[in-house]
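Notes follow the structure.
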Amino acid sequence: MPGAETKSVTIVGAGQAGLQVVLSLRRRGFSGRITLLGDENHLPYQRPPLSKAFLKGELEERRLYFKPATFYPDQGIDLHRSASVTRIDRSKRVVVTGNGREFGYDRLVLATGATPLRIPLPGSNRDGVCVLRGIDDAMALREFLLRDGRLVVVGGGYIGLEVASAARQLGRDVSVIERLPRVMSRVTSPVVSDFYLDLHRRHGVDIRLGETITGILGDDRVIGVRLGSGAELAATTVLVGVGVQPNQQIAAEAGLRCDNGILVDDGLRTSDPSIYAAGDCARRVFPDGHTLRLESVHGARDHGERIAANLAGDAVVPDDPPWFWSDQYDVKLQTAGLSTGFAELQVRGDPGTGHFSVLYFLNQELTAVDAVNDPSTFMAVKQLLKKQIRVTANEVRDPKLELKALLPATTQRKATQ
Ligand code: FAD
C-alpha cells in the first residue's frame with residue numbers, strides 16, 4: 001500500500017496543484033514529512049484574480065494567498081520560497097535547487113505549471129511589453145495600466161480578453177489583435193466567440209481578427225506595434241497572451257517521458273512510479289491512448305487530490321468533468337466538460353439577452369456546456385456529466401425542458417445551489 005511506505009513527499013512548484021497536494025495529504029491524515037519548494041518569493045497564491053479583480057486594484061495581494069504564513073509551520077509543511085529546482089537526481093532520490101541545496105524524497109510531485117509564450121519579434125523586450133502569469137507580472141501590468149495610455153493585447157484568448165475587459169474598466173483604450181478569424185477559438189464554438197466579440201466591441205475595444213503583429217515599435221519603451229497589414233497602432237503597453245508552454249524541462253532532463261507536458265497515467269504517475277506530475281505541467285494519457293493537458297484551477301485541484309489519495313493509500317478518486325470560468329465585464333462564462341471535436345450544438349436561451357448556454361454533443365451524447373450568465377444550466381450539466389447520465393441531443397431539444405429534471409432527485413437540490 002503506497003501510504004504505508006511513503007515517509008516523505010517533496011513537491012516542486014508551490015502553486016495551485018502543489019498546494020492542493022499538501023492540503024489533501026494532511027486532510028487525509030498523512031503525517032509524514034512534506035517539503036514544498038517554490039521558485040517565487042510569494043506565499044502560494046491563486047492566479048485567476050490576476051487578470052480580474054487584482055488587476056483592477058480591487059483585491060489586496062494578501063487576499064490572493066491560499067493560506068497565511070503561519071499555516072505552513074503549524075501543519076508541519078517545510079515551505080521554501082525562492083527555491084528553484086534545477087535538477088532531479090532519480091538515483092539518489094533528491095532534487096537540487098539553483099543554489100545547490102538538496103532535498104530528498106520518497107515520492108516526488110512535479111507541479112511546475114506553465115510559462116507564457118512570447119513572440120519572437122524585434123523589440124519584444126522593450127519596457128511595457130508584458131506577459132501575465134504571476135503576481136509580479138500582474139503588478140507590473142497594473143502599473144502600466146494605471147498610467148494614461150493605450151493597451152494592445154496580442155491574442156484573443158481568455159487571458160487577453162480578461163485583461164482587455166479590466167483595462168477598459170480602468171478607462172484605457174484597448175486593441176486586441178487576434179490571428180484567427182474569431183476570439184477564443186481554441187476553446188469554444190462560434191456562437192460563444194461571436195457573443196464575446198460583440199461584448200468587447202460594445203465596451204469600446206478595437207478587436208482586429210485575422211490580423212498579426214509583425215513588430216514592436218519604440219526605443220527603450222514601447223510606443224506602438226506594426227501589424228501584418230502594414231498599419232501601425234500606438235501603444236504604451238503590450239500584453240502578449242498567446243498561450244503557455246508546460247514547465248517540463250527538469251522532468252525531461254531527468255529522463256521522464258514528456259510530450260508537450262509531463263506524461264502521466266490515470267494515477268498521475270510519470271514514467272518513474274515514484275514521481276508524479278500535476279496541474280498545467282502534466283499531460284494525462286488515458287487507457288485508449290488519447291491525451292489531455294488542462295490549464296485550469298479545477299484540473300490542478302483534481303490532480304492534487306488524486307495524487308494525495310494515492311500517496312495516502314486511499315481509494316482512487318472518481319473522475320470529475322473538467323470545468324472552468326472566465327469573468328469579463330459583468331459576464332460570467334462557466335464551462336463544464338470538453339467540447340473539442342463536437343458534432344452538434346444546441347443553444348438554450350438567446351445570446352441577445354446576455355443569458356444563454358451552448359450544449360455540445362458528440363455521437364449524440366452531451367459532452368460539454370458553455371454557460372453565459374446561466375449558472376443553473378452550468379450546474380445541471382456539470383452534475384449530469386459527473387454522474388455519467390447519458391443525455392442525447394433529442395432529449396433536450398425542447399427549450400422549455402429544465403435540464404436539472406434529468407438528474408436524480410437527490411442531486412437536483414445541489415444543481416440549483
Ligand atoms: P501554477 O499555479 O502556475 O504553479 C506552478 C508553480 O511552480 C509556480 O509558482 C512556478 O513559479 C513554480 N515553479 C516552476 N518551476 C519550478 C521549479 N523548477 N522549481 C520551483 N518552483 C517552480 N483557471 C481557471 O480555472 N479559471 C480562471 O479564471 C483562470 N484565470 C487565470 C488567470 C491568469 C492570469 C492565469 C495566469 C491563470 C488562470 N487560470 C484560470 C489558470 C490557473 O490559474 C492554472 O491552471 C493553475 O494555476 C495551474 O496550477 P499549477 O499548480 O499547475 O501551476
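In each ligand, atom 1 is the first atom listed, and ligand 1 is the first ligand listed. Residues: numbered from 1 along the sequence shown.
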With [atom] as the reference point, say which of [options] has the nearest heavy atom.
atom	options	value
atom 24 (C) of ligand 1	Tyr45, Phe324, Tyr158	Phe324
atom 35 (C) of ligand 1	Ile159, Leu333, Leu50	Ile159
atom 30 (N) of ligand 1	Lys332, Glu162, Lys52	Lys52

Which ligand 1 atoms does [X] reach within 4.0 Å, using its non-hydrogen atoms?
X	answer
Val12	17 (C), 19 (N), 20 (C)
Glu40	8 (C), 9 (O), 11 (O)
Ala111	5 (C), 6 (C), 7 (O)
Glu295	45 (O)

Between Tyr276 and Asn310: side-chain donor-acceptor atoms closer than 3.5 Å =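 Yes, a side-chain donor-acceptor pair sits under 3.5 Å.
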Is it the case that ligand 1 has an N or O less than 3.5 angstrom from some N or O of [X]?
X	answer
Ser84	no
Ser51	no
Leu132	no
Trp323	no
His298	no
Val85	yes
Ser296	yes
Gln16	yes

Please identify each residue that fulfils side-chain hydrogen bond (donor to acceptor under 3.5 Å, both in side chains) with Thr335, with sequence neighbours left out.
->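 Thr335: no side-chain hydrogen bond (donor to acceptor under 3.5 Å, both in side chains) contacts found.
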Would you call Asp259 and Arg257 a salt bridge, using N to O less than 4.0 angstrom?
->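 No, Asp259 and Arg257 are not salt-bridged.
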Got Ser189 and Phe342 here, is their nearest side-chain heavy-atom distance under 4.5 Å?
->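 Touching, per the 4.5 Å side-chain cut-off.
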Under 4.5 Å between any side-chain heavy atoms of Ile11 and Thr35, yes or no?
->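 Counting from C-beta outward, Ile11 and Thr35 never come under 4.5 Å.
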Could you find the nearest protein heavy atom to atom 48 (C) of ligand 1 and give me its residue, atom name and distance?
->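 Closest protein heavy atom to atom 48 (C) of ligand 1: Asp280 OD1, 3.1 Å.
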